2 protein chains.
Amino acid sequence: MFSIGEFSKVTGLTVKTLRFYHEQGVLTPSVVDQQTGYRYYAQSNVETACVIRQLRSLDFSLADIRQILSSYDDEADILEYLERRKEAVQEKLRECREIGSSLDQIIAKEKEARAAMKNATFEVEEKSVGAMLIAGVRMKGRYGDCGQGFAQIGKQFGRNICGKAFLLHYDNEYKEDDADFEACIPVRSSVEKGGIEKSGVSVRELSGGRCVALLHKGPYDELGRSYAKIMAYAKEQGFNIETPTREVYIKGPGMIFKGNPKKHLTEIQMLIKE
Amino acid sequence: MFSIGEFSKVTGLTVKTLRFYHEQGVLTPSVVDQQTGYRYYAQSNVETACVIRQLRSLDFSLADIRQILSSYDDEADILEYLERRKEAVQEKLRECREIGSSLDQIIAKEKEARAAMKNATFEVEEKSVGAMLIAGVRMKGRYGDCGQGFAQIGKQFGRNICGKAFLLHYDNEYKEDDADFEACIPVRSSVEKGGIEKSGVSVRELSGGRCVALLHKGPYDELGRSYAKIMAYAKEQGFNIETPTREVYIKGPGMIFKGNPKKHLTEIQMLIKE
DNA sequence: ATACGGCCTCCAGCAGGGGGAGAGTCAATC
DNA sequence: GATTGACTCTCCCCCTGCTGGAGGCCGTAT
């Protein structure tokens, strides 16, 4: 016979836990002194305690454990319980993986943005951009509506997105309400090319080349200043600019927050006709 | 302005949850009627609610969310939170995987035993067993102490175990207290062979061959009957039996329960000298 | 006698809500 | 103006698997 303290040391379960198990009818001490209420545990209780520990380590609920203990004494008999438990664990695993990959995505995105910020000079640069496969939705109207286009692409290509969203501007002048633009996102090469689908999304190769580029920090409605700056540079250098021009959203509204517009980062890219 | 019911439909959070969030200071309605206590939510609350949904879907605690909302409005600022969360998720993932693999092991073991039961004739068979790499601990004394040997091997080779535990009997006669036997478990071929280590475990190849075998169902102390049966058969057939003989524990005490001895399955294998 | 440690019961609290009782409110209709 | 029916309010209990603490009894060593 063990007192509850001794039994606690033997089984590794805390005294509190033992009292709780008693109350729950999971592990009843073999003797309870009627006078004092003291609990005394026998050897056979040690075995039960071990079984309970095992089952708890497999994360069975106390209700399940109570049932299992009351009816069975062999693993063969609880196969159903084990398999139910396994399915639940699989499910949990799936959830965790999902959360993990979401977190990874968000973190990766933020880190890229941070790196871009660090290397940023906010001066016009000349560089070259590679060709890439993109999915795009051509739209006419207000720039503010581009979100619908991106949502459309996101819905359709979800996992196959492999780069930052950008906008192609087909207008040669600034238009407020009747702009002609295309919301685009680079996609993996495993996606099939094709004409414009019913959904309005076209998948095609976008060619690269030399370009002038300028990183813009701040809200979108201040992009004008950066456009002026880059256009002035291009004129000064005698570059002939191709249409459409690009606006790459390095850091825009996030997946969690709408984001602080002052921290938005956008790169304007203008390909040079050679 | 939305009433709590309307806001619930807009945000997809239940009324109960909204009240709870209010109480917790996570999402405070922009107007609370002093007279009636009615909560009214503004547009800005919708955005906050979305953020909360996102963060909850990443399984952030309400305490974290409250802090995040009170201090930040951009994902860049909560990178630390995200990374802490990610680590916690990784940890959870590890736990789940551990539990899952334990469950798999137990289930697989039980299913094998069940299959063995189904095909069992409980008659002496002739068959052949393959060679295998084993880890063994030679012991002298009582059979009942073999558990220590198995525990030793289990501790040392854990993940590399690839078959059922068995005992090699080096005695030609039955001995109670001073038996000479070896607790063995097959291990993966990736394990290095070697002499007897300090721990007493020896890793070596055990050769196979033709044998007579008999499945025994029931407690170990009734093995004698099955031994008698198989020996009689061997004598009848004029087989010359090799020492040591083997006792393979198809189903013994389990990982959870000590198990019901009446359901134990043990195969006696005796190699034939040719 | 007294001090100390072990044990008892009962209550509260964690997280993130769900369920329900009983009472007050709102808006529309009769 | 009154009534109805749909909403909403607060308050309390419940879930899981314990943990912590208060206040009081028990046993023994000194």
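The figures here come from the full heavy-atom set of this structure, side chains too, leaving out hydrogens, waters and symmetry mates. Predicted, not measured: the structure shown is a model, and the values here were computed from it. Order of the sequence lines fixes the chain letters, A, B, ..., with proteins taken first and strands second; residue numbering starts at 1 for each chain.
Among the atoms of the strands shown, only primed sugar atoms or phosphate atoms (P, OP1, OP2) are found under 4.0 Å from some heavy atom of B/Tyr21. Heavy atoms of A/Arg19 sit under 4.0 angstrom from at least one base atom.
Distance, A/Gln34 CD to C/dT9 C1': 15 Å, rounded to whole Å. The nearest whole Å value for the distance from the CD atom in B/Glu23 to the P atom in C/dG18 is 13 Å. The interatomic distance linking B/His22 (NE2) with C/dG17 (C1') rounds to 17 Å, in whole Å. Rounded to an integer number of Å, the gap from A/Ile4 CD1 to D/dC26 P is 17 Å. Taking atom CD of residue A/Gln35 and atom P of nucleotide D/dG24, one finds them 21 Å apart after rounding to whole Å. With rounding to whole Å, B/Glu6 atom CD is found 10 Å from C/dA27 atom P. As a whole-Å value, the separation of A/Leu18 CG from D/dG17 P is 16 Å. One can place CZ of B/Phe2 at 16 Å from P of D/dC7, the figure rounded to the nearest angstrom.
The base of D/dG17 has none of its N or O atoms less than 3.5 Å from a complementary donor or acceptor on the side chain of A/Lys16.
Note on A/Arg94 versus A/Glu91: salt bridge recorded, some NZ/NE/NH1/NH2 to OD/OE distance being below 4.0 Å. Between B/Lys111 and A/Glu83 there is a salt bridge, since at least one side-chain N of the basic residue sits less than 4.0 Å from a carboxylate O of the acidic one.
Of the candidates C/dG18, C/dC26, D/dC26, the closest approach to any side-chain atom of A/Tyr38 belongs to D/dC26. For A/Ser3, taking side-chain heavy atoms from C-beta onward, the closest of the listed nucleotides C/dC26, C/dG20, C/dC7 is C/dC7. In this structure, of D/dC26, D/dC9, C/dG16, it is C/dG16 that holds the atom nearest to the side chain of B/Phe20. Taking only side-chain atoms of B/Ser61, from C-beta outward, the nucleotide of C/dG16, C/dC7, C/dC26 with the closest atom is C/dG16. Of the candidates D/dT8, C/dG17, C/dC8, C/dG17 carries the atom nearest the B/Arg56 side chain, counting heavy atoms from C-beta on. Of the candidate nucleotides C/dG18, D/dG17, D/dT8, C/dG18 has the atom lying nearest to any side-chain atom of B/Thr14.
In this model, the phosphate group of C/dT25 is not approached by any side-chain N or O of B/Arg39 to a distance below 4.0 Å at OP1 or OP2. Contact annotation: B/Thr17 side-chain N/O to C/dG18 OP1/OP2 distance is under 4.0 Å.
Interatomic distance, B/Leu93 CG to A/Leu93 CG, rounded to the nearest 0.5 Å: 5.5 Å. Considering OH of B/Tyr249 and SG of B/Cys184, their distance stands at 10.0 Å, rounded to 0.5 Å.
Both B/Phe60 and B/Tyr40 lie close to DNA chain C; mapped to their nearest nucleotides by heavy-atom distance, the more 5′-ward contact belongs to B/Phe60. Comparing A/Thr36 and A/Gln24 along DNA chain D, the residue whose closest nucleotide (by nearest heavy atom) sits nearer the 5' end is A/Gln24.
B/Lys251 pairs in a side chain to side chain donor-acceptor pair (under 3.5 Å) with only one of the listed residues (B/Glu112, B/His264, B/Glu110), which is B/Glu110.
A 4.5 Å side-chain heavy-atom check between B/Ile68 and B/Tyr81 finds at least one atom pair inside the cut-off.
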